[in-house]
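Both ligands and their constituent atoms are indexed starting at 1 by order of listing.
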Amino acid sequence: MSAIVGTPVDRVDGRLKVTGAARYAADHAPRNLAHGALVVSSLARGRVSAIDSRAAESAPGVIAVIRRDNSPRLHPTANDFDSWTKLGETRLLFEDDVVYYAGQYLALVVAETLEQAKAAAGLVEVRYEEQTPKVETEDARDTIFDAEKAFGPTQYARGNVEKAIPRGEWRIQQTYTTPNEHHNPMEPSATVAVWNGDDLTLYDSSQWVMGARYCIADMLAIDRDRVRVISEFVGGGFGCKGFTWPHQVLAAIAAKRVGRPVKVALSRQQMFAACGHRPETEQVVTLAASRDGKLQAIRHQILSQTSPVEDYTELCGVMTGFLYDCPNVEVKHRLVRVNIASPTSMRAPGENPGLFAIESAMDELASLADIDPVELRLRNYAETDLQKKAPFSSKHLRECYETGRDRIGWKDRSPNPRSMRDGKHLIGYGMATATYPAYRSPGAALVLLREDGTAEVASATQDIGTGTYTTMAQVAADALGLPIARIRSSLGDSSLPPAPVSGGSMTTASVTPAVKAAAEDALKKLVQCAIHNRKSPFYDRAADDITAGEGRIASKDGKVRQTYAETLRAAGVAQIEGQARVEPGKEQTEYSLHSFGAQFAKVRVDAELGLVRVERLVAVFDIGRVINPKTARSQALGGMVQGIGAALLEHTVYDRRNGRSVTDNLADYLVPVNADIEQIEPVFLNIPDPVINPLGARGAGELAITGVAPAIANAVYHATGVRVRQLPITVEKLMPLME
Ligand code: MOS
């Protein structure tokens with residue numbers, strides 16, 4: 001049978017999705033379900049002096065009003081990524097009566113219907129002692145501090161930047177800013193909590209069912225075995241459903257209190273507060289290069305916002321130390337505390353805004369030194385990781401640059417800015433490097449072989465729209481030699497073998513090796529089953545004499561053969577289960593594991609109106625082996641579209657007076673729609689990574705957004721001669737600067 005891995009298999013869950021049969025968290029309606037409506041803070045800083053919920057309590061249909069003063073005290077979790085207990089914000093729900101940000105949860109009204117709950121929520125009167133919030137970085141400069149703990153180094157230096165900068169023939173020093181952005185998945189977060197005695201089940205929209213299970217159990221101080229988190233379908237996450245947020249535990253508390261299942265579903269508006277966002281960054285980049293464009297120094301100073309109740313660092317400089325071959329590098333992250341809800345990871349956290357700054361600065365250097373932007377990258381190509389002092393497991397970025405350059409038609413680009421025109425449009429080409437780490441975590445899976453000839457593969461991983469159901473089935477199909485139609489995938493259930501967060505683009509790299517190993521384990525057990533069955537033609541043979549695979553077990557000489565189903569039926573066994581847990585090994589320390597890519601944009605700017613259209617976006621990605629070209633392409637398209645959003649549209653704006661988002665809906669917070677998108681062309685090199693795992697596959701989801709915004713900004717500069725260093729590039733920033 002030919003391999004299924006590597007082929008563009010349709011999503012195995014596609015039919016369920018398009019027919020509406022796929023059940024998302026909020027679709028779950030257990031018997032006797034009650035509905036919760038949140039009461040949130042309308043101001044950003046102060047103290048709650050009183051909550052009067054008497055009117056709400058006597059409103060029609062209201063069952064209870066859950067408040068701080070009638071809720072159990074929560075217990076802290078280890079709040080640590082590696083132990084799978086990471087909370088979205090360190091402060092526990094209802095921990096104190098302080099208001100830290102607008103939209104903070106103050107109460108939950110539980111009623112028979114959602115309408116009744118919402119109506120009654122409007123009757124809850126909150127009295128505050130109000131303080132002046134610090135909403136913008138400008139208001140909070142006195143709070144700036146050096147970032148410490150994060151998912152990567154926050155402070156890094158090699159060589160001597162201070163000495164090297166003045167020696168550069170070419171020097172660039174500029175400040176780049178990126179705005180607050182929200183994830184805005186199609187499906188807002190939702191949790192349905194169901195208690196059965198002391199056992200809690202949460203139907204949740206989650207990127208990490210194991211993380212939610214551990215966090216909720218630990219906060220409620222109940223046995224982790226009593227908590228089950230189910231998340232069969234997730235309508236996108238992009239990071240806002242990774243760590244555990246207050247609404248999830250609030251649903252559990254409310255359900256316990258009223259003795260009925262309770263649903264807490266966030267509105268789109270509520271998605272703009274307490275479930276994370278990408279924080280605003282201000283980045284100063286200094287580059288120094290010799291006459292021929294060879295980098296001598298890179299200094300990257302990052303200031304990003306965090307909340308009063310979480311130290312989240314947007315690691316913009318996490319790739320600065322290995323992106324180019326440069327002897328002197330300094331990276332420094334600092335945080336500023338504002339009265340805005342806690343930030344969190346959002347698609348390529350760090351790399352995405354970080355590359356906007358670095359790759360814009362590289363373009364400025366290319367202009368200054370009069371070197372072609374692609375050529376400048378090639379002259380500074382990093383053959384090894386100078387930060388980790390390790391070889392790359394597999395790096396084919398040079399091919400990405402070259403292939404992208406050919407595909408976009410870079411040779412048609414005239415070097416000077418504002419030198420290309422098509423009628424009333426200014427035409428520009430720009431490019432940027434893309435990169436994202438190839439993370440991998442321990443993952444486990446089980447594979448069941450059934451007497452009816454089907455198989456099931458299962459893991460407590462998630463399919464957040466990326467195609468995990470399908471890639472798991474593909475890998476199992478190949479490992480067992482069964483048609484994919486006979487494989488069923490199960491996931492999104494914390495009672496299955498544990499798997500990591502579907503974040504950091506690590507799902508494929510972490511889970512598919514476990515699937516493969518579990519399938520092999522199942523076959524091994526099947527052979528044992530045949531050997532020990534007196535009625536089997538394989539009875540009493542040595543295991544070494546029997547091969548398993550391609551849907552059959554067979555004697556080595558090929559004379560005796562049986563399908564898996566025949567073996568099981570002959571033994572009177574309904575099913576056999578293989579299990580495996582696999583983890584990354586010493587390659588994690590011996591190698592530098594990253595994906596790379598090159599983004600190329602062609603833009604058309606209306607010379608009179610300053611309107612930017614991205615006519616073409618070509619990207620060439622090196623993600624190792626591509627398990628499924630179709631779902632990988634979908635991820636790339638989504639990432640590139642989201643990159644266009646970051647470049648031109650997305651910006652969460654807060655009212656400086658009260659810290660409320662004034663863009664908390666999809667009419668004011670603009671994301672790209674079909675009409676904004678023209679040609680998007682992702683290409684995968686598809687060169688297996690010999691190091692990362694037995695499948696040679698790295699992740700795809702986050703890499704695709706990186707480099708898009710700078711490629712577009714650089715193309716806008718090339719088209720217009722105007723350098724916009726503040727995302728998003730909107731008409732009001734661009735037009736006044738155009739002649
Ligand atoms: Mo991703 S931001 O790690 O979900």
Original post:
Does any N or O in the side chain of Gln270 come within less than 3.5 Å of the main-chain N or O of Ser267, such that one atom is a donor and the other an acceptor?
Top reply: yes
Original post:
Do Ser459 side-chain atoms and Leu491 backbone N/O form a donor-acceptor pair below 3.5 Å?
Top reply: no
Original post:
Got the closest protein heavy atom to atom 2 (S) of ligand 1, with its distance?
Top reply: Arg347 N, 3.2 Å
**OP:** Report the nearest protein non-hydrogen atom to atom 3 (O) of ligand 1: residue, atom name, distance rounded to 0.1 Å.
**Re:** Gly504 N, 2.6 Å
**OP:** Under 4.0 Å from a heavy atom of Ser345: give me the atoms of ligand 1 that qualify, with their elements.
**Re:** 2 (S)
Original post:
Quick one: does Glu702 get a heavy atom under 4.0 Å from ligand 1?
Top reply: yes
Original post:
With respect to Gln642, which candidate in Glu702, Arg347, Glu650 satisfies the side-chain hydrogen bond (donor to acceptor under 3.5 Å, both in side chains) definition?
Top reply: Arg347
**OP:** For Ser342 and Gly276, indicate whether the former's side chain and the latter's backbone hold a donor-acceptor pair under 3.5 Å.
**Re:** no
Subject >> Atom indices of ligand 1, in the order listed, that fall short of 4.0 Å to a heavy atom of Gly239 >> reply: 2 (S), 4 (O)
**OP:** Within a distance under 4.0 Å of any heavy atom of Gly503, pick out the atoms of ligand 1 and give their elements.
**Re:** 1 (Mo), 3 (O), 4 (O)
**OP:** Determine whether any heavy atom of Gly242 lies closer than 4.0 Å to an atom of ligand 1.
**Re:** no
Original post:
In a check of ring pair (Phe, Tyr, Trp, His ring centres under 6.0 Å) between Trp208 and each of Tyr214, Trp245, Phe81, which one passes?
Top reply: Phe81
**OP:** Over 60° means perpendicular and under 30° means parallel, so classify the ring planes of Phe272 and Tyr669, tilted if in between.
**Re:** perpendicular
**OP:** Could you check whether the rings of Phe392 and Phe596 sit parallel, tilted or perpendicular, using 30° and 60° as the cut-offs?
**Re:** perpendicular
Original post:
Nearest protein heavy-atom contact for atom 4 (O) of ligand 1: which residue, which atom, what distance?
Top reply: Gln207 NE2, 2.8 Å
Original post:
Heavy-atom contacts under 4.0 Å between Pro349 and ligand 1: side chain, backbone, both, or neither?
Top reply: side chain
